[in-house]
Amino acid sequence: MHPTSSVILFGTEESVDPPLVLTAGSLTADLETGNLRYIRIGGVEVLRAIAFLVRDRNWGTYNPEISNLSVEDGDDRFKVTYDAVCRDDEQELTYSATIEGRSDGSLRFEATGSAINDFVTNRTGFVVLHALEDVVDQPVTVEHTDGKLVESRFPKLINPACPFEDVRALTHTILPGVRAAVRMEGDAFEMEDHRNWMDASYKTYVRPLALPWPYTIGAGEKISQSVSLTLDGSVPASATSADTEAVVTIGESAGHAMPRIGLAVPPEHAEAALNHADLLKGTGVSHLVCHFDQRKGHDAGSMRLFQDLGAALDAELVLEAVVPCVDESDNPSADLDILRRDMAAIRDAASGVEFKRVAVSPASDLKCTLPGSVFPPAPDWVDLFAAARDAFPSAIVGGGMFSYFTELNRKRPPAELLDFICHSGCPIVHAGDDVSVMETLQALPSIFDSVRAFGGGKPYWVFPTAIAMRANPYGAAPAENPKNIRQAMNRVDPRERGLLGAAWYAGYLARAAAAGVDAVTLGAVAGPSGVVYSAQDHHQPWFDEVGPQVLPHYHVIAGHAALRGEVHAVAVSNPGAIQALCVSKADGLSAWICNLTGEPRAVRIDGSPDEASVLVLDEQSFEAACRDAAWRESAPRTTWTAAEVLTLSPYAVAELRFR
C-alpha cells in the first residue's frame with residue numbers, strides 16, 4: 001500500500017478548493033470560504049485579509065455553510081454575493097454577504113444577518129488583517145469613532161494589550177505617494193497585535209474585549225457591518241506576476257551557536273515512547289521537556305517514566321511543573337502554605353529523578369487573562385521561584401508561561417528571578433488552513449525580539465511547540481478532530497504526519513537559529529505531535545495500515561539536532577516562501593532549505609562552497625523516509641553545484657552538506 005499525494009503532503013484526504021482570484025484592474029484578492037485574503041494593488045499587499053467570522057463560546061471558529069454563491073468578475077470590477085449559515089447542535093446564525101471591488105482600488109465587503117435562536121458567541125463580525133512586511137513600525141493614521149484623528153505607528157515590539165481602541169478607520173502608506181484607508185462600520189472596532197499568537201498580522205476586530213464575553217445574540221436580533229477600502233494616490237496600472245524563484249545568500253557567522261533541540265514528553269504518551277526508545281535515541285536531541293500536572297493524575301509513576309526515557313535517550317530532563325495552587329474549594333490561591341504543600345508534592349513525586357532544569361507555573365496561568373482584567377490569585381513570582389529552588393536545590397530554575405507567548409507578554413516575570421525564560425507556541429490558534437499555518441513563521445522574529453527585550457538577557461528556551469494544540473488557554477480544551485481535517489485549535493492536526501508539518505518545523509528552526517534562541521523544543525516523543533509512529537486514539541491514514549517507523553518531521557528534528565556549531569547569517573529573497581539555515585560544524589558547512597508553499601520553488605544559493613551533496617525529503621522520498629529512521633544516512637544523495645538551481649517541490653525540505 002502506498003500513501004496518496006494528499007496524505008503525503010497533509011496527512012489527510014480532506015480536499016480543499018483552491019482560492020478564486022478576483023480581479024478588477026490592478027486590484028486582486030483571493031476569495032476563500034466567503035472571505036478575502038491577500039488583497040493587493042499592482043502586486044503589493046494592502047491587507048492580509050478581510051473576513052466575517054463567527055466564533056463560539058470557546059473561541060472556536062465556525063466553518064460557514066455557503067449557498068447561493070454568485071461571482072461576477074469583469075475587467076474593471078468584481079462582485080460576489082452569497083448566503084451563509086453558522087451552526088452546531090445548539091445554535092444557528094445566518095447572514096448574507098456582498099463584496100464589490102473596482103479598478104480604482106476601492107473595495108467594499110458588507111454582511112447582514114440574524115440569529116435563528118439565542119446564539120452564544122465570543123465574537124461575531126468583521127476582522128481586518130494588516131500584514132507585517134513594510135508595515136511593522138510604520139506610520140498609521142487612526143480615526144476614532146468620534147471622528148478624532150491620531151497619528152501613530154504600528155508597534156515594533158509586540159504589544160500585550162490593544163495598540164488602538166475605539167477605531168473607525170486606519171490609513172497607512174502602501175507605496176510612495178499611495179495611501180490606503182480601511183473603514184469599519186457597524187460597531188466600535190479595536191486592534192490587537194496578532195503576533196502574540198504567532199499570526200503574521202495586526203488584527204482589527206469588532207466588539208471591544210472590555211465588553212463581557214461570551215455574549216448572546218438574541219433570537220431574531222439583526223446584525224449589519226461593513227468594511228471598505230479606498231486609495232489615495234496613483235494606482236499602479238497592472239498587477240505584477242508572482243516570483244517563483246528565491247535567492248538564498250549565505251553570509252558570515254552570526255556570532256552565536258545553533259540552539260539546543262529537544263522534544264516534549266506528554267506523560268500519557270511516555271510509555272509508548274519507551275517502546276520506541278531506540279528510534280527516539282536516533283534523533284540525538286539534547287533534552288526532553290516533561291510535563292507534570294497532578295490535577296491530571298500525573299504521579300511518581302509518571303516521573304519514573306521520564307527518568308527511564310531520559311536514560312534511554314541519553315537526554316537531559318527538564319521538568320515542566322504545573323503547581324495547582326488551589327484551596328479546598330478548588331479556587332486559585334496565593335496562600336504560601338498551599339504553594340509549599342503543592343511544591344512538596346511535586347518534589348516527592350520526583351524523588352530519585354534528576355531534573356537538570358525545572359520550570360514552574362501556577363495552574364491559573366494556564367488560562368488567558370485579557371488585558372485590563374484582573375489576574376486570578378496566584379503566588380508572587382518571588383515566592384513561586386523560591387519554593388521551586390527549595391524543592392529542587394540542584395536544578396536550574398526558570399519559568400514564564402506554559403501557554404503561549406501571549407500570556408507571557410501579558411504577565412512578564414521579573415527577569416532577575418529566573419535562570420531561564422520560556423513559553424510555548426501553536427500555529428493554529430486563530431486559523432487552521434495551510435497558508436495561515438505557514439504564515440505564522442513570519443511572526444517569529446517579532447516574538448523572539450520581544451522576549452529578548454524584556455527577558456533581561458536570560459537564556460531563552462522555547463517550550464513544547466507543535467502544530468497540534470496541546471492545551472487551550474482560551475476555552476475548555478482543544479477541539480477533537482474525528483474527521484481528520486484542517487481546523488483551528490485541534491488537539492490532533494493531520495499535518496503533523498505530512499510534508500507540510502516537516503517544512504513548518506524546519507522553517508521554525510531556521511527562524512529560531514537566526515534569532516539566537518538558546519533552546520527549542522518541537523514536536524513530541526509520541527502522541528499527536530510525536531516523531532515516531534505509534535497507534536493513537538484517532539485514525540492515521542496510511543500510517544495505521546502500514547506501521548512505518550517514524551513521521552517525516554523525525555528527520556527534520558534529528559538533522560537539526562546534529563547541527564552543533566556556529567550559525568551563519570542567511571538572507572532569503574522571498575522569506576514567506578523559502579526558509580534556510582546554515583551552520584558551520586567541525587566537519588564543514590551544512591544547510592537546510594525548505595519550501596513553505598504548495599507550489600514548486602526554484603532556489604539559487606549564493607555565498608556557499610561550489611558543491612554539496614543533497615538529500616531531499618519530498619513526495620518521492622516520503623515513504624522511504626517514514627519506513628526507515630536511518631534514512632538520512634542510508635539514502636543516496638545527489639550532487640549540487642553552484643551553477644545549478646535547486647528545485648523544491650511543494651513542502652519539500654533539503655539538507656545540503658557542502659564540500
Side-chain angles (χ1 to χ4, degrees), residues 39 45-51 53 55 59 122-123 125-174 179-211 213 225 227 229 368-373 375 401 404-412 423 425 429-431 439-440 442-455 473-474:
I39 300 160
E45 188 173 357
V46 181
L47 295 172
R48 178 56 52 93
I50 302 175
L53 300 180
R55 297 188 183 276
W59 292 104
N122 283 348
R123 178 176 298 150
F126 275 107
V127 168
V128 176
L129 304 183
H130 286 78
L132 303 181
E133 186 175 1
D134 298 324
V135 176
V136 173
D137 198 32
Q138 295 303 303
V140 59
T141 301
V142 182
E143 180 182 337
H144 294 287
T145 56
D146 61 2
K148 182 180 179 181
L149 299 178
V150 176
E151 299 299 326
S152 189
R153 304 184 81 87
F154 289 97
K156 182 178 180 181
L157 298 177
I158 300 176
N159 194 313
C162 296
F164 311 123
E165 298 177 306
D166 194 30
V167 174
R168 178 64 64 225
L170 298 167
T171 304
H172 76 295
T173 298
I174 61 167
R179 285 170 62 79
V182 56
R183 179 169 294 274
M184 296 150 281
E185 305 279 359
D187 203 338
F189 285 70
E190 67 185 16
M191 178 186 284
E192 68 186 8
D193 200 327
H194 225 196
R195 297 174 294 174
N196 274 293
W197 296 270
M198 289 178 64
D199 297 88
S201 59
Y202 301 96
K203 180 173 75 173
T204 308
Y205 53 89
V206 76
R207 187 171 172 95
L209 285 173
L211 297 176
W213 54 271
Q225 297 174 24
V227 175
L229 171 69
C368 90
T369 299
L370 291 175
S373 302
F375 283 94
M401 288 289 168
Y404 307 134
F405 167 79
T406 317
E407 283 64 56
L408 176 66
N409 203 23
R410 290 173 175 173
K411 186 179 179 181
R412 304 173 180 178
H423 66 84
V429 173
H430 288 122
E439 282 177 354
T440 60
Q442 299 170 28
L444 292 178
S446 295
I447 291 176
F448 298 148
D449 287 348
S450 297
V451 173
R452 289 296 193 198
F454 63 73
Y474 316 109

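Throughout, numbering of the chain's residues begins at 1 and tracks the sequence.
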Which residues satisfy the ring-ring contact (aromatic ring centres under 6.0 Å, His included) test with His194, sequence neighbours excluded? His430
The test is side chain to side chain contact (heavy atoms under 4.5 Å, CB included); show your working for Leu370 and Trp213 and say whether it passes. CA-CA 11 Å; Leu370 291 175; Trp213 54 271; 2.7 Å; yes
Between [X] and [Y], is there a donor-acceptor pair closer than 3.5 Å when you use the side chain of the first and the backbone of the second?
X      : Y      : answer
Asp199 : Ser201 : no
Gln225 : Phe126 : yes
His144 : Arg168 : no
Arg123 : Arg55  : no
Glu190 : Tyr205 : no
Asn409 : Ile158 : yes

At their closest point, which heavy atom of [X] faces which heavy atom of [Y], and how far apart are they?
X      : Y      : result
Val46  : Ala180 : CG1-CB, 3.6 Å
Gln138 : Asp134 : CG-O, 3.4 Å
Arg410 : Cys368 : NH1-CB, 4.2 Å
His172 : Pro139 : CB-O, 3.7 Å
Thr141 : Arg179 : OG1-NH2, 3.0 Å
Thr406 : Asn196 : OG1-O, 2.8 Å

Decide side chain to side chain contact (heavy atoms under 4.5 Å, CB included) for Met184 and Val167; before the verdict, give the C-alpha distance in whole Å, the side-chain angles of both, and the deciding distance to 0.1 Å. CA-CA 8 Å; Met184 296 150 281; Val167 174; 3.9 Å; yes
Side-chain heavy-atom pair [X], [Y] within 4.5 angstrom cut-off:
X      : Y      : result
Val136 : Tyr202 : yes
Pro208 : Glu165 : no
Glu143 : Val150 : no

Separation of [Y] [atom2] from [X] [atom1] (nearest 0.5 Å):
X      : Y      : atom1 : atom2 : result
Ser446 : Asp193 : OG    : CG    : 7.5 Å
Gln442 : Leu132 : CD    : CG    : 6.5 Å
Leu170 : Leu47  : CG    : CG    : 9.5 Å
Arg195 : Ser450 : CZ    : OG    : 6.0 Å
Phe448 : Phe405 : CZ    : CZ    : 10.5 Å
Met191 : Leu129 : CE    : CG    : 9.5 Å

Would you check, one step at a time, whether the test salt bridge (Lys or Arg N to Asp or Glu O under 4.0 Å) holds for Lys203 with Glu192? CA-CA 5 Å; Lys203 180 173 75 173; Glu192 68 186 8; 2.9 Å; yes
Return the set of residues passing side-chain contact (heavy atoms from CB on, under 4.5 Å) with Arg452 (not counting sequence neighbours), or none when no residue passes. Tyr460, Asp518
Mind checking side-chain contact (heavy atoms from CB on, under 4.5 Å) for Ala131 and listing every partner two or more places apart, or none if nothing turns up? Glu45, Arg48
List the steps, then state whether side chain to side chain contact (heavy atoms under 4.5 Å, CB included) holds for Ile39 with Leu229. CA-CA 10 Å; Ile39 300 160; Leu229 171 69; 4.0 Å; yes
Under the side chain to side chain contact (heavy atoms under 4.5 Å, CB included) rule, what do Val140 and Phe164 come out as? Steps first, then yes or no, please. CA-CA 11 Å; Val140 59; Phe164 311 123; 3.8 Å; yes
Below 30° counts as parallel, above 60° as perpendicular, anything between as tilted: where do the rings of Tyr404 and Tyr474 land? tilted
